[in-house]
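Here is the structure we will look at, set down as structure tokens.
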Amino acid sequence: MKLKSLALAGAALLSLVAVGPGVAADTIFYPHLVYRSGAYAPNGIPFANGVADYVAMINARDGGVNGVRIELEECETGYATDRGVECYERLKTKGAGAIAFSPLSTGITFALTEKVPIDKIPLQTMGYGRSESADGRVFAWNFPLLGTYWSAADILIQHVAKISGGLRGKKITLVYHDSPYGKEPIPVLQDHAQKHGYTFEAIPVTHPGVEQKAAWLKIRQTRPDFVFLWGWGVMNSTAIKEAVAVGYPRDKMYGVWWAAAEPDVRPAGDDAKGYQGLALHPAGADYPVHKDILKYVYDAGKGSGKREEVGEVLYNRGMIDAMLKLEAVRTAQKLTGKKVVVGEDVRLGYENLELNAERIKDLGFEGLVTPLKITCADHEGARKARIHQWDGQKWVFVSDWIEADINYLRPKVEAAAAAYAKEKGITPRSC
Amino acid sequence: MAELGPLLEVVLGGLMSGVLYALVALGFVLIFKASGVFNFAQGAMVLFAALSLVRLAEWLPFPLAFLLTIVIMIAVAWAIERLVLRPLVGQHGLILFMATIGVTFFLDGFGQTIWGSNVYQLDLGIPASPWFLLESLFPGGILVSPIDVFAAAIAGALVLALSIFFHSTKIGRALRAVADDHQAAQSVGIPLNRIWLIVWSTAGIVALVAGMAWGSKLGVQFSLSLIALKALPVLILGGLTSIPGAIVGGLIVGAGEKLAEFYIGPSIGGGIEYWFAYVLALAVLLVRPQGLFGEKIIERV
């Protein structure tokens, strides 16, 4: 009986392996770490859809990158670091080999940062990840494109200092997700507190972020002039609701760019009106790239999500994330002369990636993404954001582009990167 | 007086949260009391019920959606009884507990597959803006959230109804008999399967009420299912078999964790309320292993 059960189990396992999806060797393998279920799914889904739809559009419209088809495979992490690492291990050698990983989690990024140099696969962390990884001399495989959390914190401080005519004597409270992600901006906000003369307090909120009563009662007591929100998933809408419950004005709240999308404000209904946050790029589906996505993907009935969700903040971010990765692939193809590129080639592509206004227009992203130029030393490429405000229906820009102060940030980034290099025994590259 | 204001506010806020924990803990107690099963799936049932209600209410009038959700929860209870519990009659409690862990994974995934994984707004028409009490006594008054008060009232009514049900009805007595010994209850003619269906349906309805209270506060989304973890220290504290225990346990945990977060948290880096509840529960375990209100079980070996 036991033997029979064993045989049956073995046969079932074999059949699973046999029907598992194969990846052709003449395609580019695009591993995609997602979270479509669990506590962070409301934010993970639109991002994942943006990536999947953009890749599908490039395949349908252009037959892939320079005619090489892209094979995209999703792996569900649930935003958990252990599952993220498991997904990475499973996908890194699949097909011709993974081109790059984007875990959409700072926790997973921390875990993978030590693995990617060994496996020679780039880690693209657009708008998240380790801030010091902007120093490409130490972090050769990390690419925190378009802005790190230190850049984000600096931009927020610049904005509130400008609108309030200086920050001396003011109070700023950071409500943050108690994880590597939430802790990232603290050193910069503390630094600025000394420089600008404001009082700074940081209040952690534990995963998943639904218990915030004590934090907001504290805010009611201390009445800070501004509250910065470094939350993710349901924590953001809960924070807005708790702010309502203690009568804290929403227009004094500023979310980082991961706390300023539709899933963060819609659950709070009208109460979210006036809430503000950083925007790496605009929302909206009126850009040429959207027209192609709708034409080649949604009209063919192959869209990942609902048609009306195309153009939401996190959808657009997923689309930009995929575009940058594929542009690195395109650059790598040009530099190496290979059609099918792998992680090591793509790293070269990233380090020579330059998107000027003309190229951005050609890609259909004009107005959606700022020009960027990655170099061996600078893996961030651009560090600009705008402030947008929720009017109850849509996000409206209330500031122009604000650029993080590179003269202040770069020495800080280099010092932190040097400390990391020393700890891990890395010899920084000279560039 | 100025310091007393925030203290009262934190205690009150904590007590209100505690009532919400108690609502979830009630579901656990109900099933444990009546069937001896520690139902780990209670949190998943809260999520499933709330998701069903909020999605059905998108295209049905609210009362109809509410009734339909009750029917769905009864169907879930029936399916659990038929497919999971019935084949395991007479098995050790731990086996039944493991089975409910399986039910948790299934319900979490199934719920999100058919109803979606977004945050859905559940508007019960309760004002979100706070009330300020005793403004003449304390500067700024004492802040009370109307949603919390509403949830507390609902929980109170539910406890009263359940207490009457358990102590004064024939079915209630049968439920208690089944809890003591499945096989003995069956031998005196108590229809075990029907009793289990009734108790799981009741727990499903309690889950719906808890889901409505939590959902109107936080939005309906996956985290509701994790709130079950908040009910565990409440159960340890109050005892697994006592309805008043669930309430008192909930209140102690709610007020205790908020006070700890507010007063001790800042000096040790904050974010302590999540584990503080467990520390509190462990401390009680050391003194009273059966919980504050639990039955002391003496077994001859």
Side-chain angles (χ1 to χ4, degrees), chain A residues 35-46 78 175-179 182-183 201-218 220-223 233-238 240-248 262-272 306 309, chain B residues 2-3 5-6 9-10 12-14 16-17 108-109 111-113 116-123 127-132 140 143-148 214-227 230 254 257-263 265-266 269-275 277:
Chain A
Y35 28 102
R36 290 185 180 275
S37 64
Y40 301 91
N43 300 56
I45 292 171
V175 178
Y176 68 96
H177 193 272
D178 197 5
S179 65
K183 290 174 186 165
E201 190 180 16
I203 304 179
V205 172
T206 40
H207 156 84
V210 290
E211 280 302 321
Q212 298 182 36
K213 180 139 245 126
W216 287 91
L217 285 175
K218 190 113 208 152
R220 168 168 145 77
Q221 199 193 11
T222 53
R223 283 273 141 195
V234 70
M235 175 182 160
N236 295 330
S237 53
T238 306
I240 295 172
K241 286 180 181 184
E242 290 290 359
V244 177
V246 300
Y248 189 82
E262 291 83 357
D264 306 317
V265 285
R266 279 203 188 121
D270 276 350
D271 292 328
K306 290 183 194 155
E309 287 166 3
Chain B
E3 281 87 46
E9 214 165 78
V10 174
L12 215 60
M16 297 290 183
S17 297
D108 276 351
Q112 290 183 85
T113 306
S117 308
N118 273 321
V119 185
Y120 301 99
Q121 197 185 353
L122 179 60
D123 190 359
S129 299
W131 295 331
F132 297 98
L143 179 141
V144 179
S145 160
I147 289 185
D148 289 349
W214 277 104
S216 66
K217 202 172 135 80
L218 305 171
V220 175
Q221 39 71 43
F222 180 78
S223 301
L224 290 186
S225 142
L226 305 176
I227 281 160
K230 279 287 194 182
E257 65 175 22
K258 298 291 179 287
L259 281 171
E261 183 67 58
F262 196 85
Y263 289 102
I272 66 169
E273 67 181 306
Y274 205 70
W275 51 262

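Chain letters run A, B, ... following the sequence lines, proteins first and then strands; every chain starts at 1.
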**OP:** Please determine if A:K183 forms a cation-pi arrangement with A:Y176, meaning its NZ or CZ atom is less than 6.0 Å from the six-membered ring centre and no more than 45° off the ring axis.
**Re:** no
Chain B contact via [X] - which portion, at a heavy-atom distance below 4.5 Å:
| X | result |
| --- | --- |
| A:E242 | side chain |
| A:I45 | side chain |
| A:V205 | neither |
| A:K241 | side chain |

At a 4.5 Å cut-off on heavy atoms, which part of [X] comes close to chain A: side chain, backbone, both, or neither?
| X | result |
| --- | --- |
| B:P266 | side chain |
| B:D148 | side chain |
| B:W214 | side chain |
| B:K230 | side chain |
| B:L218 | both |

Winner by heavy-atom pair count (cut-off under 4.5 Å) against chain B, out of [options]:
| options | result |
| --- | --- |
| A:A245, A:G209, A:G44, A:A268 | A:A245 |
| A:S37, A:G247, A:P263 | A:S37 |
| A:V210, A:T238, A:D271 | A:V210 |

Original post:
Which atoms form the tightest heavy-atom contact between B:S223 and A:V234, and what is the distance?
Top reply: OG-CG1, 3.3 Å
Subject >> Minimum-distance pair of heavy atoms, taken over all atoms of A:N43 and A:G233 >> reply: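 For A:N43 versus A:G233, the nearest heavy atoms are OD1-CA, 3.3 Å.
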Original post:
For A:E211, what residues pass the side-chain hydrogen bond (donor to acceptor under 3.5 Å, both in side chains) criterion, not counting sequence neighbours?
Top reply: B:Y21, B:K258
**OP:** Could you tell me which residues satisfy side-chain hydrogen bond (donor to acceptor under 3.5 Å, both in side chains) with B:Y120, sequence neighbours excluded, listed by chain and number?
**Re:**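 B:Y120: side-chain hydrogen bond (donor to acceptor under 3.5 Å, both in side chains) contacts with B:R55.
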Original post:
Does the pair B:E9/A:R220 count as a salt bridge with the N-to-O cut at 4.0 Å?
Top reply: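 Looking at A:R220 together with B:E9, the answer is yes, because their closest N to O distance falls below 4.0 Å.
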Subject >> Side-chain (B:E261) to main-chain (B:E257) donor-acceptor, under 3.5 angstrom >> reply: no
Original post:
For B:I147 and B:M16, what are the C-alpha separation, side-chain angles and deciding distance, and is it a side-chain contact (heavy atoms from CB on, under 4.5 Å)?
Top reply: CA-CA 9 Å; B:I147 289 185; B:M16 297 290 183; over 6 Å; no
